[in-house]
Each structure stands twice: as structure tokens, then as C-alpha cells.
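Note that these values count all heavy atoms, side chains included, but never hydrogens, waters or copies made by symmetry.
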Amino acid sequence: MRRLALLAAAGVTALALGVTIPARALIVFDPNNYVQNVLTAARELQQINNQITSLQNEARMLINQAKNLATLPYSSLQQLQSSIQRTQQLLAQAQRIAYDVQQIDRAFSTSYAPATGSQSSQLLIFNAQTRWQNSFAATQDALRIQAGIVGNLDTNRIQTSALVTSSQGASGALQATQAGNQILALNAQQLADLTAVVAAQGRAQSLEAAQRASAQDQGREQLRRFLTPGQGYQSSNVQMFH
């Protein structure tokens, strides 16, 4: 009996061990599930990489936009405006017959008008003196304007060099555009200086030509009076300005 009891106990123990031990030690591997998990992880990793790339592209785009919107750190406008103002001041200081249509018309209806028999000798002499003074003043004004323009040359050279350097080192479209605009403004200022010089020289040459023409006309009138009986000049009044 005791032996049967031991055998029965051993059988129960073996049965119990045969049921419980394999259940704890067995690991089940599902290949299909593993593949699906790997594919899912790969897709998620690809999405993360795509998001990172997109963020990098957006950051690059914002950086480029910031560069394109950055303003040029150098400005030559103040120097250009100062040069233009100096030239304008020189033109505004023109003496006697200046750049005014009404003033020119008045002068050519009086001092530069053709000599007539009704004009006194004193008036003819006064007009000749006035014309000479006008020509003298115009020549002086032309020389002063030329000197002022020459004084602007060094400033223009410095500004041109600085603007070209700024244009070549521009970090974006806006800086390049602003540098180009300032170079155009510098060209306009130089053109304005050239126009001022031409106008001043033309004024001096025109007044000189008008003086010579009036002197010839006045000389003919003085000769006519000298040859006309009763209209001869005293020696102190015979003055001809050429």
C-alpha cells in the first residue's frame, strides 16, 4: 500500500510538472506579426525624417527671406543730396542776369535792345557797361560752378567705390536692389552736375555773344551819329565797348 501511494504521488507530481513547466518556458514567435511591426516602425521613422526635412526646408526658406528683406547697411543718399544742394546753391547765386526767363526778357528789351536814334549817348554808354558787367559776372559764375563740380568729384569717387563694394557683398535681393538704386542716384547727381556746368558755360557764352552783337549795333549807331551833322560827340563821350 505504501508503495502504491508513493507511485501515485510521483505520478501526480510528474503530471503536475508536465503540465506547468512547459507552459512557463515556451516562447511563441509569430513571423507575420514581426514583419508588420518592423514595417510599421519603418514607416513611422520615414514620416519623422520627412518632417525633419520639411522643417529644415522651412528654416532655410525663412533664412533666405530674412536675407532678401535685409536692408543695405550703407547709404550714400545724404552725401549725394549735399552735393546736389551745393550745386543748386551755386546756380542760385548767379549774378545779374540769372536763370530767369522774365529777367532775361527785360534785359534784352533794354540793355541788349538795338540802338536807336532816340537813345542818348549816355544811355548807350550805360547799356554797354551793363552788358560788359553781365558777361564778366556770367564768366565768374561759370568758373565758380566748375570749381564746385570739381570739388564733388572726390566725394563721388568715394561713394562709387563704397556702393560697388556694397552691391557685390549684398546678402539678398533687397540689398542688391538698394545698392543699384543708390548707384543710379549717384549717376543722376553726376548728370545734374554736368547739366549745371553746361548751363553756366552756355550762359556765359550767350551773354558774351549778345554783348558783341550789341556792341557792333551800337558802334554803327555811334558812327551814324558822328557822321550826321549836328550829332557829333565830344571826345569824352566817344566810348565803345566791344
Side-chain angles (χ1 to χ4, degrees), residues 48-105 107-108 133-212:
I48 293 174
N49 288 335
N50 292 339
Q51 291 176 354
I52 293 174
T53 302
S54 177
L55 290 174
Q56 289 175 340
N57 292 335
E58 290 180 2
R60 243 187 323 270
M61 182 178 65
L62 291 174
I63 292 173
N64 291 334
Q65 288 179 351
K67 289 181 179 180
N68 287 331
L69 295 176
T71 58
L72 191 70
Y74 179 80
S75 176
S76 64
L77 295 181
Q78 183 175 359
Q79 289 80 0
L80 296 180
Q81 290 175 348
S82 297
S83 297
I84 292 175
Q85 288 175 354
R86 284 194 295 270
T87 302
Q88 289 177 332
Q89 289 173 356
L90 289 173
L91 290 172
Q93 293 171 2
Q95 308 169 78
R96 304 181 71 85
I97 299 179
Y99 305 96
D100 181 83
V101 175
Q102 294 180 350
Q103 188 177 9
I104 293 172
D105 289 342
F108 275 79
Q133 291 170 352
N134 290 341
S135 296
F136 181 86
T139 301
Q140 183 182 15
D141 291 338
L143 292 174
R144 293 176 71 247
I145 290 175
Q146 290 173 6
I149 302 306
V150 171
N152 289 337
L153 292 179
D154 191 56
T155 300
N156 293 341
R157 178 187 59 79
I158 295 174
Q159 299 307 318
T160 299
S161 177
L163 288 173
V164 170
T165 301
S166 299
S167 177
Q168 291 176 342
S171 61
L174 181 58
Q175 287 190 359
T177 300
Q178 289 178 332
N181 289 340
Q182 291 189 43
I183 291 175
L184 291 176
L186 176 60
N187 292 337
Q189 182 263 322
Q190 293 172 333
L191 181 60
D193 281 352
L194 178 61
T195 302
V197 169
V198 172
Q201 290 179 339
R203 170 174 173 257
Q205 292 171 357
S206 297
L207 288 176
E208 178 64 24
Q211 179 193 1
R212 289 196 300 268

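Partner Ser135 forms a side chain to side chain donor-acceptor pair (under 3.5 Å) with one of Arg212, Gln211, Gln140 and no other, that one being Gln211.
Checking side-chain atoms of Thr195 against main-chain N and O of Leu191 turns up a donor-acceptor pair under 3.5 Å.
For Tyr74, the OH atom sits in a packed shell: over 12 heavy atoms of surrounding residues, nucleotides or ligands are nearer than 6.0 Å.
To the nearest 0.5 Å, the span separating CD on Gln175 from OG on Ser167 amounts to 10.0 Å. Taken from CG in Asn181 to CG in Leu174, the straight-line distance is 9.5 Å, to the nearest 0.5 Å. In this structure, the separation between CD on Gln182 and CD on Gln189 is 13.0 Å, given to the nearest 0.5 Å. The line from CD1 of Ile97 to CG of Asn134 is 4.0 Å long, rounded to the nearest 0.5 Å. Taken from CG in Leu77 to CD1 in Ile84, the straight-line distance is 9.5 Å, to the nearest 0.5 Å. With rounding to the nearest 0.5 Å, the separation of CG in Leu143 from CG in Leu90 is 12.0 Å.
Summarising the geometry of Ala179 relative to Ser166, their closest heavy-atom pair is CB-C, 4.4 Å, with the distance given to 0.1 Å. Closest approach of Thr155 and Arg86 over heavy atoms only: OG1-NH2, 4.4 Å. The two residues Gln159 and Gln79 have their closest heavy-atom pair at NE2-CG, 3.4 Å. The minimum heavy-atom distance between Gln201 and Ala142, with the atom names listed, is N-CB, 4.2 Å. In plain terms, the two heavy atoms of Ala196 and Thr87 that are nearest each other are CB-CG2, 3.5 Å. Leu163 approaches Ser76 most closely through the heavy-atom pair CD1-OG, 3.5 Å.
Asp141 and Gln95 form a side-chain donor-acceptor contact under 3.5 Å, judged by distance and modelled atom types alone.
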